[in-house]
Protein chains: 2
Amino acid sequence: MQDNENKQKQDQLIDKFGSYFGSIGFQPIAGRIIGLLSVSDCEELSFDEITSRLQISKGSASVVLRRLVAEGRVAVVTVEGGRRHYYRLKQQNLFEVLDEFERMCDSVRGLLNTTIDLKADKKSSNARYFYQIINTIDKYKTNMAAMRQAVQTA
Amino acid sequence: MQDNENKQKQDQLIDKFGSYFGSIGFQPIAGRIIGLLSVSDCEELSFDEITSRLQISKGSASVVLRRLVAEGRVAVVTVEGGRRHYYRLKQQNLFEVLDEFERMCDSVRGLLNTTIDLKADKKSSNARYFYQIINTIDKYKTNMAAMRQAVQTA
DNA sequence: ATTTTTGTTCAATCGCGATTAAACAAATCA
DNA sequence: TGATTTGTTTAATCGCGATTGAACAAAAAT
């Protein structure tokens with residue numbers, strides 16, 4: 001009973017992980033695998049445990065796990081002598097998400113600069129708006145750099 | 001010649017806007033419309049100018065524009081006496097993107113908290129990892145609050 | 001009143017990633 | 001060696017949002 005209830009709560013959480021990772025561009029199954037590895041009390045699960053717990057085909061699991069391993073999100077643990085593969089959540093650099101966000105900011109900044117360059121009237125309403133955005137991005141990046149430094153030295 | 005070259009550059013930029021907005025969950029056409037309204041020297045374009053410049057069906061344009069207007073990304077300008085609708089880029093609150101990012105942080109934070117709650121061993125490797133992430137999120141939010149204040153009073 | 005312009009609605013299609021099933025390969029066991 | 005477990009590969013399918021085309025509606029022009 002207790003166990004069953006716990007499992008249900010875990011399943012709900014796994015789905016929430018799934019939709020979160022789905023929202024940032026992961027395949028649904030990839031998100032749910034990360035969810036399972038995050039939620040499970042046992043931190044190393046076999047291929048078989050993953051497919052049966054998530055009720056997914058071996059094919060899906062194989063493809064998605066390979067990708068997750070290649071991306072460095074999941075680690076494979078091969079126990080000596082055994083033939084099974086075990087998978088565990090790989091801990092990420094905590095600033096990785098911020099890195100990606102800043103890269104996105106950079107690309108937007110570049111895009112806006114090019115856009116302004118191409119404009120006949122650099123003082124037009126939109127051009128001024130774009131200048132403002134560029135400015136805000138710059139402030140944000142300065143701020144983030146300071147924060148990283150603070151965390152590093154802490 | 002000059003004109004044609006300029007138009008090509010604009011088209012490239014419009015596609016870049018398109019793929020950027022696509023990457024953050026917009027329909028391709030929505031992204032390209034925003035791109036056109038951003039890049040165009042004329043800041044108010046009619047329905048017809050949009051469909052013909054982007055080579056899209058009236059149906060698509062109608063649906064997508066309605067949505068963009070509903071979301072507050074595009075404004076409709078109806079000139080007195082005329083029957084045409086004109087569309088212009090609506091300038092956003094510059095912190096809107098950050099707002100969304102912070103909301104996402106909040107939801108992740110909640111998810112991780114729930115996950116830790118459910119764990120048998122709160123000192124497990126993953127649990128400790130999740131605590132670290134929560135901590136970093138908190139630092140980030142504190143920092144952002146300070147930055148906003150600074151921008152407000154500037 | 002009729003025609004033209006302007007835009008909307010909606011059924012049908014298109015494209016594409018996600019997923020599966022089943023055949024296949026490789027390693028271990030008996 | 002033959003049987004079993006463990007995972008991979010790939011062709012086919014599924015699902016779903018994006019897009020179109022064509023019929024339709026509303027307003028203005030003639």
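Values reported hereafter were calculated over all heavy atoms of this structure, with side chains retained and with hydrogens, waters and symmetry mates removed. In what follows, chains carry the letters A, B, and so on, assigned in the order in which the sequence lines appear, proteins first and then strands, with residues in each chain numbered from 1.
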What is the distance, to the nearest angstrom, from the CD atom on E49(A) to the P atom on dT5(D)?
16 Å
With the threshold set at 4.0 Å, does a side-chain nitrogen-carboxylate oxygen contact exist between R53(A) and D48(A)?
no
Given atom CZ of R67(A) and atom C1' of dT8(D), what is their separation to the nearest angstrom?
17 Å
Of the nucleotides dT8(C), dG7(D), dA18(C), which has the atom closest to the Q27(A) side chain?
dA18(C)
Taking only the side-chain heavy atoms of R66(B) (C-beta and beyond), determine which of dT6(C), dG21(D), dT9(C) contains the nearest atom.
dT9(C)
Is E102(A) salt-bridged to R148(A), going by a charged N under 4.0 Å from an acidic O?
yes
Interatomic distance where CD belongs to Q55(B) and C1' belongs to dG21(D) [whole Å]:
16 Å
salt_bridge(K141(A), D106(A)) N-O dist < 4.0 Å:
yes
Tell me: CD1 of I29(B) to P of dG21(D), nearest whole Å?
11 Å
Name the closest nucleotide to the S62(B) side chain, picking from dT8(C), dG21(D), dG7(C).
dT8(C)
Measure OH/Y86(B) against C1'/dT5(C) and give the value in whole Å, please.
13 Å
Between the side chains of R84(B) and E49(B), is the shortest nitrogen-to-carboxylate-oxygen separation below 4.0 Å, so that they form an ion pair?
no
Can you tell me how far C1' of dA26(C) sits from CZ of R84(A), to the nearest Å?
16 Å
d(CG, L45(B); P, dG7(C)) in whole Å
12 Å
Side chain of V63(B) only, please: which of dT9(C), dT6(D), dT6(C) is the nearest?
dT9(C)
Tell me whether K7(B) is salt-bridged to D11(B), with the criterion being a basic N under 4.0 Å from an acidic carboxylate O.
yes
Which nucleotide in the list dT6(D), dG7(C), dT19(C) gets nearest to the side chain of F47(B)?
dG7(C)
When the distance from OH of Y87(B) to C1' of dT6(C) is rounded to whole Å, what number comes out?
10 Å
Quick check: on DNA chain D, is the nucleotide nearest K58(A) upstream (toward 5') of the one nearest I56(B), or the reverse? Name the residue that is more 5'.
K58(A)
Among dT19(C), dT8(D), dT8(C), which is the nearest nucleotide to the side chain of S60(A)?
dT19(C)
